Protein chains: 2
Amino acid sequence: MTMHNPPHPGEIIRELCLDALNLSVTDAAAGIGVTRKTLSAILNGHAGVSPEMALRLSKAFGSTPDHWLRMQNAFDLWKLRSKAKTLRVKRYITNETHA
Amino acid sequence: MTMHNPPHPGEIIRELCLDALNLSVTDAAAGIGVTRKTLSAILNGHAGVSPEMALRLSKAFGSTPDHWLRMQNAFDLWKLRSKAKTLRVKRYITNETHA
DNA sequence: GCGCAATGTAACCTATTACGTTACAGGTGT
DNA sequence: ACACCTGTAACGTAATAGGTTACATTGCGC
């Protein structure tokens, strides 16, 4: 059980959508209208959830497209956490807490 | 005053960040550490807010990276609204409201 | 009017990503 | 052995983010 903070959306999709419904990757891919390769890449963290994929996921498995994209955002920002410190950006504001 | 629902994040950046602080595009681009071309493309809706750009915006102008990405998500999904209807996706759930 | 700064953007480059097809190797269950 | 599922490599396309350089337009100070 690898735990990394946060998990990529693929792990969630596999657990909450495929496993929960006893769906194979092959069947789920056909169901949402993409190739098995495309879905597999997301499930294993080799691709992100695109806006169109978020729409497909919400249609197939519920929740909102926004919800799936937010999971992707959180993961993308987590991946950038080290690079974030190196960004040299001028602060035009003073009175605010930053992430 | 073009109003389209929702505005692209560039409009918000221009109004709430540049105009409010009396910042030129050239200066703001230098401030956040990108080229004038890159910032201009976002301001005029020719490019989206990437995760790294969201980090720069939050550092420079406040709010959270998540906030800037959510604006981008909303715009991306709005652009897909017509394509969304044509997506043929199997519904594995029944009891839910979809966006 | 003349110069100059700011702006948008075109032309070109690179790297990355999403998506596709086809094909292969490894596992598992019957 | 055979059928099936899975991951993934190798190849393609299209789109996107970022860069550099250069150009035309606009607006402002003088």
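Letters go in sequence order (proteins before strands), and every chain restarts at 1. Computed from a predicted structure; not experimentally measured.
At a threshold of 4.5 Å between non-hydrogen side-chain atoms, the residues B:Arg14 and B:Asn44 count as touching.
Between B:Arg56 atom CZ and D:dG18 atom C1' the separation is 10 Å, expressed in whole Å. As rounded to whole Å, 12 Å separates atom C1' of D:dA17 from atom CD of B:Gln72. The CG atom of B:Leu80 sits 14 Å away from the P atom of C:dA18 (whole-angstrom rounding). As a whole-Å value, the separation of A:Leu57 CG from C:dA18 C1' is 14 Å. With rounding to whole Å, B:Asn22 atom CG is found 15 Å from C:dA5 atom C1'. Distance B:Asp19 CG to C:dA6 P: 16 Å, rounded to the nearest Å. Across the protein-nucleic acid pair, B:Lys83 atom NZ and C:dA18 atom P stand 14 Å apart, rounded to whole Å. For the pair B:His46 NE2 and D:dA17 P, the interatomic distance rounds to 12 Å; values are reported in whole Å.
Under the side chain to side chain contact (heavy atoms under 4.5 Å, CB included) criterion, A:Lys79 pairs with A:Phe75, A:Asp76, not counting sequence neighbours. Residues that satisfy the salt bridge (Lys or Arg N to Asp or Glu O under 4.0 Å) test with B:Lys83, not counting sequence neighbours, are A:Glu52. Listed by chain and number, the residues in a side chain to side chain contact (heavy atoms under 4.5 Å, CB included) with A:Ala28 are A:Leu18, A:Leu23, A:Leu39 (sequence neighbours excluded).
Nearest to the side chain of B:Ser24, among C:dC19, C:dT7, C:dT9, sits C:dT7. Set against D:dG18, C:dC19, C:dT7, the side chain of B:Met53 has D:dG18 as its closest nucleotide.
Under the 3.5 Å distance criterion, the side-chain polar atoms of B:Lys90 are left unmatched by any main-chain donor or acceptor of A:Asp27. Here the side chain of B:Gln72 pairs no donor or acceptor atom with the backbone of B:Gly48 at under 3.5 angstrom. At least one donor-acceptor pair closer than 3.5 Å links the side chain of B:Trp78 to the backbone N or O of B:Asn5. Side-chain atoms of A:Arg91 never come within 3.5 Å of backbone atoms of B:Ala60 as a donor-acceptor pair (strictly under, hydrogens ignored). For the pair A:Arg36 (side chain) and A:Ala29 (backbone), a donor-acceptor distance under 3.5 Å is absent. In this structure a side-chain-to-backbone donor-acceptor pair under 3.5 Å is missing from B:His67 to B:Ala54.
Neither OP1 nor OP2 of C:dT17 sits under 4.0 Å from any side-chain N or O of A:Ser50. Side-chain nitrogen and oxygen atoms of B:Thr26 include at least one within less than 4.0 Å of the OP1 or OP2 phosphate oxygen of C:dT7.
Terminal axes of the helix from C:dG1-D:dC30 to C:dT30-D:dA1 (five pairs each, C1' rotation axis) are separated by 30°, to the nearest 10°.
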* Structure fact -> Reading nucleotides 24-30 of chain D from 5' to 3' and marking B where a protein heavy atom lies under 4.0 Å of the base, S where only the sugar-phosphate is that close, and - otherwise, the string is -------
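Annotation: B:Arg81, atom CZ; neighbour count of heavy atoms from other residues, nucleotides and ligands within 6.0 Å is above 12.
Note that the CG atom of B:Leu55 and the CD1 atom of B:Ile32 stand 11.5 Å from one another [nearest 0.5 Å].
Using a 4.0 Å cutoff on non-hydrogen atoms, the parts of residues 31-43 of chain A near DNA chain D are A:Arg36, A:Lys37, A:Ser40, ordered by number.
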